[in-house]
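Quick note on labels: first sequence line is chain A, next is B, and so on, each numbered from 1. Note that this is a predicted model, so its numbers are computed, not measured. Worth knowing before you read on, the calculation uses all heavy atoms, side chains too, and leaves out hydrogens, waters and symmetry mates.
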Amino acid sequence: MKKVLALLLALAMIIGLVGCTGSGGGSSTGGDGGKSDGKLDTSKEVELVMYFISNRPAGQDIVDENMNKIFKEKLNCTLKVNWISWSDYANTYNLKLTSGENIDMIYTAGWLHFADLAQRGAFKELDDLWPTYAPVNYGKATDEAKMQASVNGHIYCVPTLMATYMGYGPTWRTDILKGTELEGKQLKNFDDVEKYCEIALQVHPEVLPLNLGNNGSEWDDMYMRSLGYFYVDRGSGLWFDPTEENPKIITLYEEPTIKEFLEMMARWNEKGFFSKSVLSDTEQDKLKKGKAFLTVHNIDTYSGQQTDSNNGVTDFQWDFYDFNKYAAHLPWTQDSMAIPSTSKNPERALALWDLITTDQEAFDAFYYGIKDTTYTLNDKGEVTMLDPDNYGQSGMWAARSTGIYRDTVGTPQTWHDWHKKWEEQIAKDKTWEQYSGFVLNTEGLDTEVSNVSNVMTQYWMPLELGLNNNGIDGGLEEFEANMKTAGIEKLRSEYQKQLDAYVASIKK
Amino acid sequence: MAANTTGVEGATKIKNSPSSTIFYVIAYTIVGAMAIICLVPFLIMISGSFTAEKYITFHGFNIYPVEFSTEAYNLIFKTPSTIIKAYGVSIYVTILGTFLGLMVTAATAYVLGRKDFKYRNQFSFFFYFTTLFNGGMVCTYIFFVRYLHLNDSLWAVILPGMFSVFNMLIMRTFVVGIPTALIESAKIDGAGEYKIFFSIILPLLKPGLATIGLFLALAYWNNWYNAMLYINNPDKFPLQYMLYNLLQKSEAMARIAAQAGLVVTDVPSNSLKMAMAVVATGPILIVYPFVQKYFVAGITIGSVKG
Amino acid sequence: MKYLRNFGQEFKKNKALFSMLAPAFILTVVLSYIPMVGLILAFKNFNYGKGIFGSKFNGIENFRFLFASGKGWQITKNTILYNLLNLVTSQAIAILLSIFITEIRAKYYKKVTQSLIFLPYFISWVLVGIFVFAIFNYETGLLNNLRKAAGAEPYNIYAVPGIWPFLICAFNAWKWSGYNSVIYIAAITGVDQEIYEAAAIDGANIFQRIRHIMLPCIRPTVITMLLLQVGRILRGDFEMFYQIVGNNGQLFDVTDVIDTYVFRSLMTNANIGMTTAAALYQSVVCFVVIILVNAIVKRIDADYALF
């Protein structure tokens, strides 16, 4: 029996060795024929394949046809868009990059492990290709963006050209507060949050004061940011104080006032601001349904809700306040386009990307579809999607750039005001902004990163929400002990080295 | 075939001692209670699909729709062609896959159930081994896409489900139950192996075929995983994949929203999830009563022999 | 070589039988054995550009995340205990149901109940997850509404991890009993009806019939089912655990199984080697367990062994 088995296995393995020779093996630079004289050869028509994460809209066909007319005329190419749907990305995004399938452009971002993938050879190095074949785009990209796009000293993606900001804070419903003592007042700190929630709970007991769910809370982030800390890695709970000369990385349990924060959260839990079973609550759209009063997130959450209200989708009124101590841009790489190492036409892909991200007509056709069929514009140039169920906006967020991207009709003025304010603050005070070029390299740390993140989920999340059975002191002890076993000190010392090197580089 | 109609039912009519009365009371009660426990969530699902989302948000689920609404279904059938195509794909895959799978499973189980087949243990192990070890998603995916060119082909959905070792081993227990003497006597009568298999074994395997056929059909109908990996063309999406997409979307979006600054929009509502589940389950429910008669009736080897 | 010759002779003699095995054999080689090459990824630092064979070996680095956190033993233990618990409960309930259902004489009652117990199979775990929250959540859950109506204090079930293994086990049994009972009902129906008649004429009462006819005739099926489940002893039903427990860290000590732990770990990187390593760990343990159990079964009665 053993012999026949061995034989069969050997047979299978041999077939396997012949058959399954992995992906690409392709060269990491160059392209077809090595025409690196900087001139794009468009004599041959090509079909470029793009992947991003979204669900395919029902009305995509006519949009494709329309945009490809433009692309064909300008660059003698057509674009085939493929989707990795929301539900699948965790399973299939990496797979698409292994298979050797011809993909010319793919959406990437930190949450899709851009740096890890780049370090593992999934993307083409763009040091020369980007400036050569997408010169307009390259010219518009900031130096920080180029730093953020670099892994081990080489550029591996083209970041978005749209400025976004770190601004973070509560978004709350003002209509609920009508007729109470808080009507028309501005919420400004954590004490206010508590007061506002109490009042909201009194007038509308059926509405949960805080919007929380099974993904845990963002209040810990908010607390640390409001104290002026800048994050090294949120998933590991590591922060540093950027006002220090040589900042030292600290963990959450080392922040001296963390107990006060935990006591506050436990009190909020006691007062019924959120469900005692919150970590099993999978309902994700409480704001839109009118089931929650206040959430803490970025300003886009606010503007999304208020735009809905301005357009008559909901009848709630909202306001927003930034709790951060300093202002800074979000990393430009939070939406990026990368060229997989298997791409056969990286030059044309970059040229097309240059067109889409810098040419209004091409961008409109790619992002919004066909004027007066899928979208309309008002006299301010703001956009309304006509039938979002059939075709909403594109899911390739990396294509947006400031100046070309259109606001949705109904975007509140407050949104514009905050953006102006942040730009002014950044110009004055670079406490945070100077660190925005700092990118972690987690090479060789996979085990520690994943173990620490597991400890955060298992111990920190319940503790933070006042759900720990051992109380705050016991919970903190347990959390710290488990973080140490998981290897937080190794992470910290590795990250500290990288941070020190970065500090040295910006001081030069 | 007269024995068929009496069967178990006929037999139980003969004696009715007090202890067996107690047995029947218990049997009827437990089975009935179990049936209710199984039915209620299903009713809640259907009722949820017909309830206005606002009601669910603030009052939760109910066994009947308190605030009736067909909004969820209107949304699903807004582009009916998508759903109709998906039905077509699901039905095609299920029928073809079940038929092929049943043939392969029965033939394999028959050979491995034959006590006179010398290598039955070796082959059983050869098959069983694959349930313990598999090459993992990456290599399987690369092999399917690059070498078998199954990308966007419905065969990528059909082939992997055709032969399940689990089904085959269950089928084998049915084969083992068939007396060896039957095969021997057929051989003496001069029947070839194929003839024995098709005209003697298969009819005797009816309950087994019904069971495995049902399992195959359900597995094909419910499979979204292979479609997720290999199918890009929306015209080839099976129904369950669309359901899966809808059910998982909100979870995935919320996870990203927490990690990156993404704003969660267009989250499918609970009523929409329920409605899609109803739409995706509907047709396969009809299969069960159809198969059921093979379990109720039973077989009689005597009648085949005679 | 002698072995091969024997095989050749046997092949010639039983060409027809071998030809019946051929389709399954080919499917298994192509779809399962060839991709098994991918297992070497467990020992490699995967590089997307270089592919499976071009990537560098990195020893047992990929396995480290399972054990370096100190959770390896706990999740292994949880996985095994859940599997044993689920194995016993869902099979026992299925066997009981199948005996009851075959014995029930009222035709419509029988048909209807038999169909109804199958329904949970069709309700996906995502929806079960939604229902679980609707029943058990502290503020508006059905359970606490009933308790409040009865004048009792609401009960925070999410703060009591000890209850969850039983809840999960109950949901698992609820989901699978109907499905498994079909196998047993078919096995009972598959028995020659003449035996039943003979027994009835001999005056056997219901308990005698169950003990002496039904149980022996489903024994091969029961043993096969048990063996098949034992062969999965280190694999958890990811969807079930993930949808019922999700990210609720309060419950992880008693609900975290290998599959959920691996899923969460891999949300943090793009290291495919780690997934493969975890799968290989599960495979090897399952392999050792099933070889042992199968050998024991073979000792007792060779007919019931899987291979």
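- For a residue to count as touching a neighbouring chain, one of its non-hydrogen atoms must lie under 4.5 Å from one of that chain's; by this rule I210(C) touches chain B with the side chain only.
- Within the 4.5 Å cutoff, the side chain of T28(C) has no heavy atoms near those of the F123(B) side chain.
- Among the candidates F163(B), F144(B), F42(B), the residue making the largest number of heavy-atom pairs closer than 4.5 Å to chain C is F42(B).
- Note on I36(B), L100(B), T105(B), I170(B): by heavy-atom pairs under 4.5 Å with chain C, the leading option is I170(B).
- Taking the six-membered ring where tryptophan is involved, the planes of F25(C) and F126(B) are essentially parallel, since the angle between them stays under 30° and well short of 60°.
- Between F61(B) and L142(C), every side-chain heavy-atom pair lies at or beyond the 4.5 Å cut-off.
- Proximity to chain B is limited to the side chain of L27(C), based on heavy atoms less than 4.5 angstrom apart.
- If you tally non-hydrogen atom pairs under 4.5 Å between each of G48(B), G60(B), S124(B) and chain C, the highest count goes to S124(B).
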_Under the criterion side-chain contact (heavy atoms from CB on, under 4.5 Å), I'd like the reasoning laid out for M274(B) against I130(C): C-alpha separation, chi angles, the key distance, then a yes or no._
CA-CA 10 Å; M274(B) 307 275 160; I130(C) 295 173; 4.3 Å; yes
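- Note that CG of L41(C) is 7.0 Å distant from SG of C139(B), once rounded to the nearest 0.5 Å.
- Side-chain contact between L21(C) and F117(B) is present, with at least one heavy-atom pair separated by less than 4.5 Å.
- No part of I212(B) comes within reach of chain C, as not one of its non-hydrogen atoms sits under 4.5 angstrom from that chain.
- With 3.5 Å as the limit, one finds a donor-acceptor pair spanning the side chains of S19(C) and Y194(B).
- Counting heavy atoms from C-beta on, the side chains of C286(C) and L132(B) come closer than 4.5 Å.
- Residues A186(C) and T211(B) come closest through the heavy atom pair CB-OG1, 3.0 Å.
- For F122(C), the parts lying under 4.5 angstrom from a heavy atom of chain B are both the backbone and the side chain.
- For L243(B), no part lies near chain C; criterion is any non-hydrogen pair under 4.5 Å.
- Here CH2 of W125(C) is found 14.0 Å from CG of L247(B). Values are rounded to the nearest 0.5 Å.
- The aromatic rings of Y109(C) and Y28(B) lie parallel to each other, with less than 30° between the two planes, well short of the 60° mark.
- Annotation: maximal heavy-atom pairing with chain B below 4.5 Å, among P23(C), A24(C), A16(C), occurs at A24(C).
- Within the 4.5 angstrom heavy-atom criterion, atoms from both the backbone and the side chain of F287(C) approach chain B.
- With a 4.5 angstrom heavy-atom cutoff, Y141(B) does not touch chain C via any of its atoms.
- Chain B forms more heavy-atom pairs under 4.5 Å with one residue of V30(C), L234(C), L280(C) than with any other, namely V30(C).
- Each of M20(C), K13(C), K15(C) has some count of heavy-atom pairs under 4.5 Å with chain B, and the biggest count is that of M20(C).
- Put simply, of L127(C), T276(C), N294(C), the one with the most heavy-atom pairs under 4.5 Å next to chain B is L127(C).
- Ring pair F18(C)/Y119(B) is tilted by interplanar angle, where 30° to 60° counts as tilted.
- Between N121(B) and K298(C), the closest side-chain pair of non-hydrogen atoms falls below 4.5 Å.
- For the atom pair L218(B) CG and F118(C) CZ, the distance stands at 5.0 Å (nearest 0.5 Å).
- When the candidates I123(C), L119(C), I93(C), N247(C) are compared by the number of heavy-atom contacts under 4.5 Å with chain B, L119(C) comes out ahead.
- At a 4.5 Å heavy-atom cutoff, F133(C) makes no contact with chain B through either its backbone or its side chain.
- Side-chain contact between F125(B) and L306(C) is absent, with no heavy atoms from C-beta onward closer than 4.5 Å.
- Relative orientation of the F215(B) and Y179(C) rings is parallel, given thresholds of 30° and 60° on the angle between their planes.
- Neither the backbone nor the side chain of T140(C) comes within contact range of chain B; no heavy atom of the residue lies under 4.5 Å from a heavy atom of that chain.
- For the atom pair CG (L31(C)) and CG (N134(B)), the distance works out to 12.0 Å, reported to the nearest 0.5 Å.
- Side-chain contact between V176(B) and D303(C): absent, with no pair of heavy atoms (C-beta onward) separated by less than 4.5 Å.
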*Check the pair M137(B), T275(C) against side-chain contact (heavy atoms from CB on, under 4.5 Å), reporting the backbone distance first and the verdict last.*
CA-CA 9 Å; M137(B) 213 159 58; T275(C) 335; over 6 Å; no
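- P41(B) and W174(C) make their closest contact through CG-CZ2, 3.6 Å (heavy atoms, listed as atom of the first residue, atom of the second, distance).
- Heavy-atom distances place the side chain of Q248(B), and not its backbone, under 4.5 Å from chain C.
- Interface remark: of the candidates I40(C), L116(C), L96(C), L116(C) forms the most heavy-atom pairs closer than 4.5 Å to chain B.
- When heavy atoms are compared at a cutoff of 4.5 Å, I272(C) approaches chain B solely by way of its side chain, counted from C-beta outward.
- Separation of atoms CG (L169(B)) and CZ (F307(C)) is listed at 9.5 Å; rounding is to 0.5 Å.
- Contacts of E239(C) with chain B are made by side-chain atoms alone, with heavy-atom separations under 4.5 Å and no backbone atom involved.
- Distance alone, capped at 3.5 Å, places no donor-acceptor pair between the R232(C) side chain and the T131(B) backbone.
- In this structure, the portions of A106(C) lying under 4.5 Å from any heavy atom of chain B include both its backbone and its side chain.
- By the 4.5 Å heavy-atom criterion applied to side chains, Y288(B) and Q114(C) are counted as neighbours.
- Neither the backbone nor the side chain of Q282(C) comes within less than 4.5 Å of any heavy atom of chain B.
- Neither the backbone nor the side chain of I233(C) has a heavy atom closer than 4.5 Å to any heavy atom of chain B.
- Note on ring orientation: taking the six-membered ring where Trp is involved, the planes of F23(B) and F100(C) are perpendicular (angle over 60°, cut-offs 30° and 60°).
- K206(B) contributes atom NZ, which lies 12.5 Å from atom OG1 of T189(C) (distance to the nearest 0.5 angstrom).
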*Would you sort out whether F129(B) and M36(C) count as a side-chain contact (heavy atoms from CB on, under 4.5 Å), showing the intermediate values?*
CA-CA 11 Å; F129(B) 189 76; M36(C) 246 180 237; 3.9 Å; yes
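- Heavy-atom pairs under 4.5 Å with chain C were tallied for R172(B), R114(B), M103(B); the largest tally goes to R172(B).
- For a residue to count as touching a neighbouring chain, one of its non-hydrogen atoms must lie under 4.5 Å from one of that chain's; by this rule T113(C) touches chain B with backbone and side chain alike.
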*Could you please spell out the steps behind the side-chain contact (heavy atoms from CB on, under 4.5 Å) verdict for L227(C) and Y128(B)?*
CA-CA 11 Å; L227(C) 283 172; Y128(B) 181 73; over 6 Å; no
